Every structure is written in structure tokens, then in C-alpha cells.
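Okay, so here's the structure we're looking at.
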Protein chains: 2
Amino acid sequence: MQKNNNMAISDRKLREKEDLKKRILEAAKALFLEKGFEATSMRNIAERVEFSPTTLYLYYKDKNDIVYALHQEGFKLLAQQFKTVAGIEHPYERMKTMARIYLQFAEENPDFYELMFVRQGPILHVQKHNSDDWEEGSRTYNVLYENVIECQKEGLFKNLLPHNVSLIIWSTLHGMCTLHMHMRLDCVKFEDDYEVVPEKSRPEYIYESFISLLERLK
Amino acid sequence: MQKNNNMAISDRKLREKEDLKKRILEAAKALFLEKGFEATSMRNIAERVEFSPTTLYLYYKDKNDIVYALHQEGFKLLAQQFKTVAGIEHPYERMKTMARIYLQFAEENPDFYELMFVRQGPILHVQKHNSDDWEEGSRTYNVLYENVIECQKEGLFKNLLPHNVSLIIWSTLHGMCTLHMHMRLDCVKFEDDYEVVPEKSRPEYIYESFISLLERLK
DNA sequence: TTTGAAGTATTAACAGTGTTAAGTATCTTT
DNA sequence: AAAGATACTTAACACTGTTAATACTTCAAA
């Protein structure tokens, strides 16, 4: 009886601890999406969960620890978006849809994207704790790789190594996303712009360019 | 006589002022290359030129102003590397060499590359002062674009819009550079790695992948 | 029931950041 | 010699991430 009671209580404590840990992450995420990465500080997060700044350090080792957890959230979100493509039977069509989802994700969640694929914070955390295996990234890459393999079974991407194709596709998508996000595309002015197509939005233009690459690789 | 003397003195003063401005930039560059971007502060730079931190603000509006000047230095360096390709007559060979130089530049000067194509500091400076025309980037892009046009005159890159090809090439190179720099490639572990080629270094592997893309676009 | 030990949260502080306002020399001009 | 411009510095503001020391609460054993 006594024991059961104790266990119940310590269970509740554990639950409450987990709960606060989650609330800290939620607060961090909210601030992050409101004001961007650079602008959210430990003190900001602490204020929002109504605890002292130092309390956060009882739940997360340091800021990178929070940043890593957020980066994981980002991957969960991306995986969720990717779920719908499982129904597409032909690997090439699936590839095209995955590309569209990837580009759209970056467009709609630039701060998450930055954390997942650009910032060094999360990757430093990986190197300190997981002995150089970036699970989230590896999983995502392998989804792409498997898809390339399937395409090759259908006779596509002939005479190319699958890792080669995967690297090209990922790099191109990543390059397009980041050049766009970091405003390196809109600030470029063409000397000779007779073929400008102003009715197309930048993301549409990017997607079409990528598709024309894919068609060529095919 | 008096006037000449005065002019000479004020000339010297002006020269000294310009000189200090340059010395500040040199100090910034040195620190930047030694310790990286994140780790160099205004106070660091000031200490190195042996002036008070606030003096820097008499020569540069703010830190972004210095960062923008450094970003320009980076472009000068890249342009210098590119100079050698002018002698290559065939546009496709020229393109391949340009790609190699671009990748090598990013590999050897990751901090400069970051400033030129990733960080938002310099581009913010552009938006505040130059009404959205990123000269350095525009010039670099147009070099690529002109090269694509020349290739098409030789019958290459058929049925593709030149801006499309340019975007694909730049994005792929940029994506490869940044994924590598930001350690997103080395931390990925393959589930199925029967075709791993360990005797090749990452930069070599990247270059070869890019060339196989180019051959396919051709 | 008291005592001591965990566990949890806080205050104060450190060492740093970019940046500005105010003050101080020095040198030029009237 | 007095007034003014120029060049520079000191002091300060409002932040940042993070740690050490301290308090408060809860709980188990003596």
C-alpha cells in the first residue's frame, strides 16, 4: 500500500518533470517560429515558461541541447509530410513528389530547415553524443537513396552510381532552398533578361528548374 | 605656400584615415581566418589595431559594414581564381574548370564562402544601401550565364532555358559546398554501402559527381 | 517527530556581445 | 589667443550563454 503510493507519487513526479521538459521545448519552438532563431534567447524561453533562466539547465544541458531537440522536431514534421508519398507506386513519380514536398517544406519552415541542414549547433550536439552518426539525416538520405535504387530497377538513371545520383539530387534541392532562403536569388540582377517570366513565383520557377534537371538525369 | 602646405597636410590626414580603415579590415580578415566568423568580435578587432572599440564605428557604420567589406574581399579572391579560365577557348571545358575552381575555393576558404553565400549580414547591408542589387553576386552569376549561352551556341544544353541551366548548376555546386561545409555529408551513414570508395576524398567525390551531372545535362 | 539528504528552483555573478552618449584631448582656423 | 572642428576614449546600456552558491521543498530513515 505504502509502496504503491510511493510509486504513484514518484511516477507523477517523473511525469511532471517530463512535462516541464516538453513545455520548455514548446516555448522554444513558439518563440523560434515567432521571432526566428537568432532572436530567441534562453532568457526569452525561461520567461515564457515562467521559470528562472537557470532552471532550463536542469532539463537541457545547454542551448545546443534545445536546438538539437528542435531540429528533431523539424525532422518529425518533414517525415510527416513525406508520409503521403508512400501511396505513389511509380518511383519516378514518387521522386518528383518528394522533391516538391522538400522544397515546400523549406519554403514554409525556413527556420526549421536552417536548423536541420545549415546551422552547426545540432550537428555539434550529434558529434559530442552520438559518435558521428546523424540519425535524422541518415534516415532521410536513405529514403532518397532507396528511391533512386527503385528508379534504376525501372531502367532510369542509367550508367550512374546511385550514391552519385542521390548526392546530385539532394545537393541541387538543398542549394536551391538555401540560395533562395538566404536571399541570394532575389538580389541577383540579370544583365540580359529577355527571358524573364514574371508571372511565375520564385518557388514555382525553382520547382520547374529542378524537374527539368530530373528529366535530363532520367 | 601656406595653402600648399595645408593641402599636403590634409592630404596626408586623408591618407592616414584611409590607411586605418584598411588596417581595420586587415585585422578583421586576419582574426576571421584565424578564429572563424562567430568568434571575432568588434573588441577583438579593436585590440588588434590597437584602438578603442568605439573608434571602429568612426570608420565603419556597424559590424555588418565590416562584414560586407570582407564579403567583397572574398569575391575579389574568387574573381582572381577565375581569371585563369579566360584562356580556355571551349566553353564546356571552361565550365568544368570553373566548377572545379568554385568547389576548391569553398573547400579552402569556408569562412569567406559562408560570408559570400550563406550569412545574411552582407545581404542585409546590400538591401539597406544598394536598393536590392547585389553587385558581386550578380556579376558572378552573369559569368556563369554567359558561359551557358556560349555552350548552347556550341549545341550543348539543348532544349533548356539558359537561366534554368544556370540555376541548376549554381544550386548544385552551392548545395554540394554547403552540405559538405556544414558537416551534413560526413555525418550521414549509409544503410547499404557496398559501393563505398574510401580511397577518394570527399572533395574529389563531390567534383566527380558534379561532372557526371554536367555530362548528363550536356 | 526530528534530522539529514535529495531534488528543485532561484539569485547573483562572470565574462562576453554590439552599440551609443558624453567627454577629452589635439590640431586648425579665425 | 579664442573658437571650432577632428580624432579618439571612457563609461554605460541592454543584451547574451552559463555557472556557483544559495534557498526552499519534499521525502526517508533514525
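Here is how names work: the chains are called A, B, and so on, in the same order as the sequence lines, proteins then strands, and each is numbered from 1. This structure is a prediction, so every number in the text was calculated from the model and none was measured.
- Residue B:Lys35 places its NZ atom among more than 12 non-hydrogen atoms of other residues, nucleotides or ligands, all under 6.0 Å distant.
- Ring to ring, A:His163 and B:Tyr205 are not that close: their centroids are 6.0 angstrom or more apart.
- Taking a 4.0 Å limit (strictly below) on heavy-atom distances, residues 111-127 of chain B does not reach DNA chain D anywhere.
- Residue B:Lys63 has its side chain nearest to C:dG18 when only C:dT8, D:dC8, C:dG18 are considered.
- Straight-line distance from the CD1 atom of B:Ile66 to the C1' atom of C:dG18: 11 Å, rounded to whole Å.
- The minimum heavy-atom distance linking A:Thr97 with A:Val85 is given by the pair CG2-CG1, 3.8 Å.
- Summarising the geometry, the separation between CE on A:Met42 and P on C:dA9 is reported as 15 Å, rounded to the nearest angstrom.
- Within residues 44-57 of chain A, the residues that place at least one heavy atom under 4.0 Å from DNA chain C are, in residue-number order, A:Phe51, A:Ser52, A:Thr54, A:Thr55.
- Atom P of nucleotide C:dT19 and atom OH of B:Tyr60 are separated by 14 Å, given to the nearest angstrom.
- None of B:Phe82, B:Tyr207, B:Tyr113 except one satisfies the ring-ring contact (aromatic ring centres under 6.0 Å, His included) rule with B:Tyr102; the exception is B:Tyr113.
- Within the structure, salt bridge (Lys or Arg N to Asp or Glu O under 4.0 Å) contacts touching residues 42-60 of chain B (residues at least two apart or in different chains) are B:Glu34-B:Arg48.
- Note: B:Trp134 and B:Phe75 meet the aromatic proximity criterion, with ring centroids under 6.0 Å apart.
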Requested in this report: For side chain to side chain contact (heavy atoms under 4.5 Å, CB included), just list the numbers for A:Met181 and B:Gln120, CA-CA rounded to whole Å, side-chain angles, deciding distance to a tenth of an Å, and then say yes or no.
Outcome: CA-CA 10 Å; A:Met181 287 183 12; B:Gln120 70 172 345; over 6 Å; no
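- C:dT8 atom P lies 12 Å from atom CD1 of A:Ile24, rounded to whole Å.
- Remark: P of D:dG17 and CG of A:Asp65 are 14 Å apart, rounded to the nearest angstrom.
- One can place CG of A:Asp62 at 13 Å from C1' of D:dT19, the figure rounded to the nearest angstrom.
- Computed from coordinates, the B:Glu38 CD to D:dT16 C1' distance equals 13 Å when rounded to whole Å.
- With hydrogens and angles ignored, a donor-acceptor pair closer than 3.5 Å exists between the side chain of A:Arg43 and the base of D:dG17.
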Requested in this report: Take A:Met95 and A:Leu144 through the test side chain to side chain contact (heavy atoms under 4.5 Å, CB included) and record every step on the way to the result.
Outcome: CA-CA 8 Å; A:Met95 183 75 89; A:Leu144 169 61; 3.8 Å; yes
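- Close placement of the A:Tyr141 and B:Phe190 rings is indicated, their centers lying within 6.0 Å of each other.
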